[in-house]
Amino acid sequence: MSTITSPPTPSALSSLISASGSSDPISALTTQIVHNLKHQHIWTSLQVHQLPGTTDQDASSIPLISGIPPNRLYTHPDEQLWMLENNLRDNDVGPERFFVLPTTRGQMFTLRKLAAVFDSLPEVEDERPLLSQVTDDQKTKDKAEKLRAYYERREQARKTQEWGGKRLLLAMVDRGVGGDGTVVYYVVQEGTVKPRQN
């Protein structure tokens, strides 16, 4: 006597990938990372971008994800020093749009391909909070003035790359034999960054 068992119900992620109708592994990987960012890490304003054509043919087919994390992910050491000198904290400034590059463990990624990704990163609009909504409270006015000065300084530093060049998150998924689909994120920066002093 045999018992007929039904297959397990697909997970929300499996259903989402199946519903997308794409059998392309890169699309499935991108969908998995968008799902992880949205539901595990509470990112908002998620978008998928296709990089424009570059000199490296492989880089033009790479999707990028952008979104806004719930907290700031990275602060350059010089930016951190400026903020400390001006009595600002990370949660005063708020998070900014970050780009995420989907990859899998073991995927070959040359420096040429990574450089092509950095060269192709789209410009991001400065998404600063509305500072015009200030109450009569003197403490709030002082904070708003410090934030205005910070955003002006950040714009100047962005043009000169004084607070670092372009950066993104490298999202790596373990999809190999026995891989459990865990996503690990690494901050990757263009160029070198001086070490942080403690």
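- Rounding to the nearest 0.5 angstrom, the gap separating the CG atom in Leu46 from the NE2 atom in His41 is 11.5 Å.
- Looking at Glu85, its side chain never comes within 3.5 Å of a backbone N or O of Trp82 through a donor-acceptor pair.
- With Asp92 contributing its side chain and Arg89 its backbone, the two residues share a donor-acceptor pair below 3.5 Å.
- Note that the NE2 atom of His49 and the CD1 atom of Ile65 stand 9.0 Å from one another [nearest 0.5 Å].
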Please report the C-alpha distance between Gln47 and Arg97 in whole Å, then the side-chain angles of each, then the deciding distance to 0.1 Å, and finally whether the side-chain contact (heavy atoms from CB on, under 4.5 Å) criterion is met.
CA-CA 10 Å; Gln47 300 172 6; Arg97 183 169 289 278; 4.0 Å; yes
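- Interatomic distance, CZ of Phe118 versus CG of Leu101, reported as 8.5 Å (0.5 Å rounding).
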Check against side-chain contact (heavy atoms from CB on, under 4.5 Å), Trp163 and Arg158
CA-CA 7 Å; Trp163 287 351; Arg158 189 172 278 168; over 6 Å; no
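- Side-chain contact between Phe99 and Leu121 is present, with at least one heavy-atom pair separated by less than 4.5 Å.
- Atom OG1 of Thr75 and atom CG of Leu84 lie 9.5 Å apart (nearest 0.5 Å).
- Within a 6.0 Å radius of CG in Leu111, no more than 12 heavy atoms belonging to other residues, nucleotides or ligands are found.
- Hydrophobic clustering, with ILVMFWY side chains joined whenever heavy atoms are under 4.5 angstrom apart, keeps Leu88 apart from Leu81.
- Taking CG of Leu73 as the reference point, atom CD1 of Ile68 lies at 11.0 Å (rounded to 0.5 Å).
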Full working for side chain to side chain donor-acceptor pair (under 3.5 Å) between Asp90 and Tyr74
CA-CA 9 Å; Asp90 274 350; Tyr74 177 83; over 6 Å; no
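- Under the 4.5 Å side-chain heavy-atom criterion for Ile, Leu, Val, Met, Phe, Trp and Tyr, Val184 and Leu170 are members of the same hydrophobic cluster.
- Looking only at side-chain heavy atoms (C-beta outward), Tyr150 and Glu79 come within less than 4.5 Å of each other.
- Side-chain contact check for Val34 versus Trp43: every heavy-atom pair is 4.5 Å or farther apart.
- Of all heavy-atom pairs spanning Glu190 and Asp119, the tightest one is OE2-OD1, 4.1 Å.
- Atom CD of Glu96 is separated from atom CZ of Arg72 by 5.5 Å, given to the nearest 0.5 angstrom.
- Between Val173 and Ile33 there is a side-chain heavy-atom pair separated by less than 4.5 Å.
- Side-chain contact between Arg153 and Glu162 is present, with at least one heavy-atom pair separated by less than 4.5 Å.
- Considering only heavy atoms from C-beta on, Val117 comes within 4.5 Å of Leu168 through its side chain.
- In this structure, Pro70 and Pro95 approach most closely via the heavy-atom pair O-CG, 3.9 Å.
- Contact annotation: the side chain of Val188 never approaches that of Arg167 to less than 4.5 Å [non-hydrogen atoms, C-beta and beyond].
- The two atoms that bring Thr104 and Met172 nearest to each other are C-CG, 3.8 Å, heavy atoms only.
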Could you give me the CA-CA distance, side-chain angles and deciding distance for Leu169 and Tyr186, then say whether side-chain contact (heavy atoms from CB on, under 4.5 Å) is met?
CA-CA 5 Å; Leu169 284 182; Tyr186 300 94; over 6 Å; no
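- The two atoms that bring Gln189 and Val187 nearest to each other are CG-CG1, 4.1 Å, heavy atoms only.
- The two residues Pro63 and Pro102 have their closest heavy-atom pair at O-CD, 3.2 Å.
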